Amino acid sequence: MTRHERIPCTTLARTLLDLAALVDRRALERAVQRAEELRIFDLDALRELLRRNPRRRGRRALRTVLADYSLPSATRSAAEERMLELITVAGLPKPRVNAWIPLDDNTGYEADFLWQDAQLIVEIDGRAHHARRRAFAHDRQRDRRLALAGFETRRYAASELTSQPERVIAELRSFLARRPGPADWADGGRIPAAICPP
């Protein structure tokens, strides 16, 4: 139990465990994602709660969702789906999709693709949004603020994902190999011709 504005209530971790016993997997995933968006998600607290409650109903469902927590979530555009397809087929490590990155001043940004261990962000720039001058300036300010927090941002135009997929994946592999993280990130095969344009 905890208190919010002097009202007794369950902690977020306990609420998610209780919810896991009542809803299907997708609803539970959405609850976990929402907690992260609100910047109240605490993976360590959830793991500790699961350790202390080995027989509680819903434990298995929550453990399953948390086991996949670092894997991709839902994409929001055809371009994001295409990038995820290229990453998967090329055998690169799975990023988090549309992941919230909190900053020290209680602000933050949502990344299209985030490799947390490598602190690498990839953004897909769509022609309609990013052609506007204000959006362009905002994106550059965002990239600088994230760089100060230790994150490297790489941007791709949506058209590059279909016109130059081999180059995109080769660059991603190089970016991941240069950042701290598993040593074998630089390894991996080529993208099959079936998903590359002629």
Side-chain angles (χ1 to χ4, degrees), residues 1-77 80-81 83-84 87-88 92-124 138-139 141-154 172 175-176 179-182 185:
M1 299 293 289
T2 187
R3 287 180 176 270
H4 179 70
E5 296 181 357
R6 295 185 292 187
I7 300 171
C9 56
T10 57
T11 63
L12 173 66
R14 177 57 188 269
T15 300
L16 289 173
L17 180 57
D18 291 345
L19 193 62
L22 303 172
V23 300
D24 63 24
R25 176 176 172 144
R26 187 56 194 146
L28 183 58
E29 287 174 340
R30 284 196 299 267
V32 169
Q33 289 169 2
R34 184 61 179 148
E36 185 180 20
E37 289 168 6
L38 294 171
R39 290 175 276 168
I40 56 175
F41 181 80
D42 186 339
L43 185 57
D44 291 336
L46 277 165
R47 286 176 172 158
E48 175 61 19
L49 182 68
L50 290 172
R51 187 191 64 76
R52 291 195 326 261
N53 293 274
R55 292 186 175 83
R56 186 156 190 89
R57 195 166 162 247
R59 182 179 185 273
R60 181 178 296 172
L62 185 55
R63 280 180 62 89
T64 301
V65 167
L66 295 180
D68 291 340
Y69 184 69
S70 63
L71 297 180
S73 59
T75 55
R76 294 182 179 165
S77 69
E80 286 183 4
E81 195 63 38
M83 175 62 95
L84 195 55
I87 290 166
T88 301
L92 292 176
K94 297 289 192 293
R96 289 172 54 202
V97 180
N98 296 310
W100 180 257
I101 302 173
L103 298 179
D104 288 340
D105 61 354
N106 292 323
T107 64
Y109 295 102
E110 188 175 77
D112 290 347
F113 297 93
L114 170 66
W115 286 266
Q116 183 72 50
D117 290 343
Q119 291 192 287
L120 177 67
I121 297 166
V122 166
E123 292 292 315
I124 308 301
H138 174 268
D139 287 345
Q141 180 186 45
R142 162 196 164 122
D143 292 351
R144 291 191 302 271
R145 293 192 69 215
L146 287 167
L148 288 171
F151 292 92
E152 179 179 5
T153 302
R154 292 292 176 247
L172 275 182
F175 296 144
L176 285 167
R179 305 291 290 179
W185 282 8

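Bear in mind that the values here come from a model prediction, so they are computed numbers and not experimental data.
- The line from CZ of Arg14 to CG of Leu12 is 12.5 Å long, rounded to the nearest 0.5 Å.
- Under the 4.5 Å side-chain criterion, counting only non-hydrogen atoms from C-beta, Asn98 is in contact with Glu80.
- Here CG of Leu103 is found 8.0 Å from CZ of Phe151. Values are rounded to the nearest 0.5 Å.
- Scanning both residues, Ala20 and Gly58, for their nearest heavy atoms gives CB-O, 3.3 Å.
- With Asp42 contributing its side chain and Ala45 its backbone, the two residues share a donor-acceptor pair below 3.5 Å.
- The side chain to side chain donor-acceptor pair (under 3.5 Å) search around Asp105 returns Thr107, Arg145, not counting sequence neighbours.
- Phe113 has its side chain out of reach of Ile121: every pair of non-hydrogen atoms, C-beta onward, lies at least 4.5 Å apart.
- Among all heavy-atom pairs drawn from Leu22 and Asp18, the shortest one is CG-O, 3.6 Å.
- Judged by distance alone, the side chain of Arg154 and the main-chain N or O of Leu172 form no donor-acceptor pair under 3.5 Å.
- The line from CZ of Arg60 to CZ of Arg55 is 13.0 Å long, rounded to the nearest 0.5 Å.
- The neighbour count for Asp24 CG, taken as heavy atoms of other residues, nucleotides or ligands under 6.0 Å away, is above 12.
- Atom CZ in Arg142 sits 8.0 Å away from atom CD in Glu110 (nearest 0.5 Å).
- To the nearest 0.5 Å, the span separating CG on Leu50 from CG on Leu66 amounts to 6.0 Å.
- Leu49 places none of its side-chain heavy atoms less than 4.5 Å from the side chain of Leu62.
- Separation of atoms CZ (Arg59) and CG (Leu17) is listed at 9.0 Å; rounding is to 0.5 Å.
- Residues Phe41 and Leu46 form a side-chain contact, since some pair of their non-hydrogen atoms from C-beta on lies under 4.5 Å apart.
- Shown here for Arg26 and Glu29, the closest heavy-atom pair between the two residues is NH1-OE1, 2.9 Å.
- Residues Leu146 and Gln119 form no side-chain contact, since every pair of their non-hydrogen atoms from C-beta on lies 4.5 Å or further apart.
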Might you work through the side chain to side chain contact (heavy atoms under 4.5 Å, CB included) test for Trp115 and Ile87, ending with a clear yes or no? CA-CA 12 Å; Trp115 286 266; Ile87 290 166; 3.7 Å; yes
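- A donor-acceptor contact closer than 3.5 angstrom links the side chains of Thr10 and Thr15.
- Remark: the backbone N or O of Asp112 is paired with a side-chain donor or acceptor of Glu123 at under 3.5 angstrom.
- Proximity of Pro93 to Leu176: side-chain heavy atoms (C-beta onward) are separated by under 4.5 Å at one or more points.
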